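Structure first, commentary second.
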Amino acid sequence: MKAIILAGGIGTRLRPLSCTRPKLLFPILNKPLLDWTFERLAETGVDGVTLAVKYMAEVFMQRYGESTHGMKLSYSKEKKPMRTGGAIKYAEEFIGHEEPFLVLNGDIFSTIDYTALLKKHKESNAVATIALYRVEDPSRYGTVKLTENSQVTQFIEKAPLGQAPSNLINAGVYVLDPKIFNYIPAGQPVSIEHEVFPKLAKEGKLFGHEFKEIWIDIGKPADYLRANRILLDAEPKKRFLGKDVNVEEGAQISDPVRVDAGVNVGQNSRIGPYAVIGRDVVLGRNVTLENSVVFPEATISDNASVRGAVIGEGTTIGRGAEISEGCVIGDYVTIRDNVTISRDVTVCPSKEVTENVPEHKRII
Ligand code: GTP
C-alpha cells in the first residue's frame, strides 16, 4: 500500500518554534513526530510513502533521503502551497491509479489501526473513507453526520459551537480511491475539507470510520505539550533516562519524565512530573522544571524555574529566571538572569530578553 503524508504547511500556530523547523519534526518524547508516523506506517505494511512538501522541503529531503524504515520515499514538491486537496492532486504521479491509498495530515499523532480503516473503505463504494474521532468540542474541526451504515451525509468544516451535526470530527487520516483525482482540479490550491468532502457527502461517496485509539492534533503549543503529557502517561516506563545522563546529588525526579542522552541535572534540582528533556541539555543547580518540553542543547541556569512551557533548541535561561505557563521560547534565545516571563509569552528565535515581561505578548 502507498501513503501520502501532507507535510507542507507553514505551521503558523506553532510559531516561533515552527520558524526554524517544520511542524512534523517537532520532537514528541524526544523523537520527531514524523518518525513516529513512519514507524506505524511501516508496521502496517506500507511500502511507499510520498511526502507532499513545500515549507522547508529541503529539511525533509536531507534528513530522510530516498528511503526510511524500510519504505521507499518520494517527494512531491509544490511550487506554491497547494493546500490539502491540491497537494494530493499534485502527488498523483507518485501514487498512480491502481489501488486505494492512505493520506495523513502530518501534524497528527495517532495510534489508529490503518488496516481497520482500509477494511472499512473496501466494504463500501466510497471514494473517500475518513477516520473519525469523538471529541467534546468539535468547533475547531470538520464534523460529520453519519448514517447507520457509516455513510457521511453531511460534512461541515468548523461549525460554530452548538451547530455541529455530531461530535465526530475529521481526524485527518483518510483512505482515498484513485477516483478522488477526478474531484480535484489540477494546478491550483484546493482544500479537501472545504471543497471536496462536502461534495462527496452530497453524492453519497463519503464514508466514515470511528476509532478510539490515541489521537492528538499538535497544531497549537498547548496541544503540543498535551501530546507529550498523554504519551508520557501511555508509556509503560515512567522514568526514562538516556545514555550518559548525569544526576547530581540532591536532585529529585518526579515521574513521568523522559530525559535524553547527555543531559546534566544539577544539584538539588527538581524535575517532573511531565518533563521531557532533549539531548545534551544542561540544568544547573536548584532548577525547577515541570510539565514542560526542553529542546536539545538548551541551558537552564541555577535557581531558574520553568513551568508549563516549551524551551527551544540551544536557548539559555539565565540564573533565577522564571518562565511561566503557556510560554514558548524559540531557538537560541537568551533570557537574562532574574528575568520573569509571565504566562503565554512567545519569544522569537535568537532574541535576548533583558527585562521582565509582565503580560502576555509576542517578542519579535
Ligand atoms: P497552521 O498555519 O498553524 O494552520 O498550520 P498548517 O499550515 O500546517 O495548516 P493545517 O494545520 O491546516 O495543515 C494540516 C496538514 O496539511 C499539515 O500536516 C500540513 O503540513 C499540511 N498542509 C497544509 N497546507 C499544505 C500545503 O499547501 N501543501 C502541503 N503539501 N501540505 C499542506
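Values in this document were obtained by computation on a predicted structure and should not be read as measured data.
Side-chain polar atoms of N286 and N303 form a donor-acceptor pair below 3.5 angstrom. Side-chain atoms of T84 and E193 form a donor-acceptor pair, as typed in the model, at a separation below 3.5 Å. Side-chain contact annotation: N338 with R319, donor-acceptor N/O pair under 3.5 Å absent. If you check the side chains of T334 and T316, you find no donor sitting under 3.5 Å from an acceptor. Looking only at atom types and distance, the side chain of E203 has a donor-acceptor partner in the side chain of Y183 under 3.5 Å away. Counting only N and O atoms by type, the side chains of N228 and R258 include no donor and acceptor under 3.5 Å apart. Checked by atom type, the side-chain pair S139/K158 shows no donor-acceptor distance below 3.5 Å. Counted by atom type alone, Y174 and N170 present one or more donor-acceptor pairs between their side chains at under 3.5 Å. Under 3.5 Å, the side chains of H97 and E92 contain a donor-acceptor pair of N or O atoms.
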task = Using the salt bridge (Lys or Arg N to Asp or Glu O under 4.0 Å) rule, take R140 and D223 through it: C-alpha gap first, then chi angles, then the decisive distance, then the call.
result = CA-CA 13 Å; R140 277 168 64 190; D223 301 328; 2.9 Å; yes

inquiry  = Is there a side-chain contact (heavy atoms from CB on, under 4.5 Å) between F181 and I95? Walk through the geometry before answering.
reply    = CA-CA 10 Å; F181 294 123; I95 293 297; 4.2 Å; yes

inquiry  = Could you go through D47 and K72, starting from their C-alpha distance and side-chain angles, then the distance that decides it, and tell me whether this counts as side-chain contact (heavy atoms from CB on, under 4.5 Å)?
reply    = CA-CA 6 Å; D47 51 9; K72 196 170 164 300; over 6 Å; no

request  = Please assess F101 against V175 for the test side-chain contact (heavy atoms from CB on, under 4.5 Å), listing each intermediate value before the final yes or no.
outcome  = CA-CA 6 Å; F101 55 96; V175 172; over 6 Å; no

query = Are V282 and I300 close enough, and set up right, to give a side-chain contact (heavy atoms from CB on, under 4.5 Å), and what steps lead you there?
reply = CA-CA 6 Å; V282 177; I300 303 179; over 6 Å; no

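Within the 4.5 Å cutoff, the side chain of Y133 has heavy atoms near those of the V135 side chain. Residues T288 and V306 form no side-chain contact, since every pair of their non-hydrogen atoms from C-beta on lies 4.5 Å or further apart. Looking at heavy atoms from C-beta onward, I329 lies out of side-chain contact with V310 at the 4.5 angstrom threshold.
Of all heavy-atom pairs spanning S301 and I317, the tightest one is OG-O, 2.7 Å. Closest approach of R226 and I216 over heavy atoms only: NH2-CG2, 3.9 Å.
Each of K237, K238, R239 was checked for a side chain to side chain donor-acceptor pair (under 3.5 Å) with D255, and the lone residue meeting it is R239.
You'll find the ring centres of Y141 and W215 inside the 6.0 Å limit.
Using cut-offs of 30° and 60° on the angle between ring planes, the pair F38 and Y64 is perpendicular.
Residues that satisfy the side chain to side chain donor-acceptor pair (under 3.5 Å) test with S76, not counting sequence neighbours, are absent from this structure.
Between the D177 side chain and the K179 main chain, a donor and an acceptor come within less than 3.5 Å of each other.
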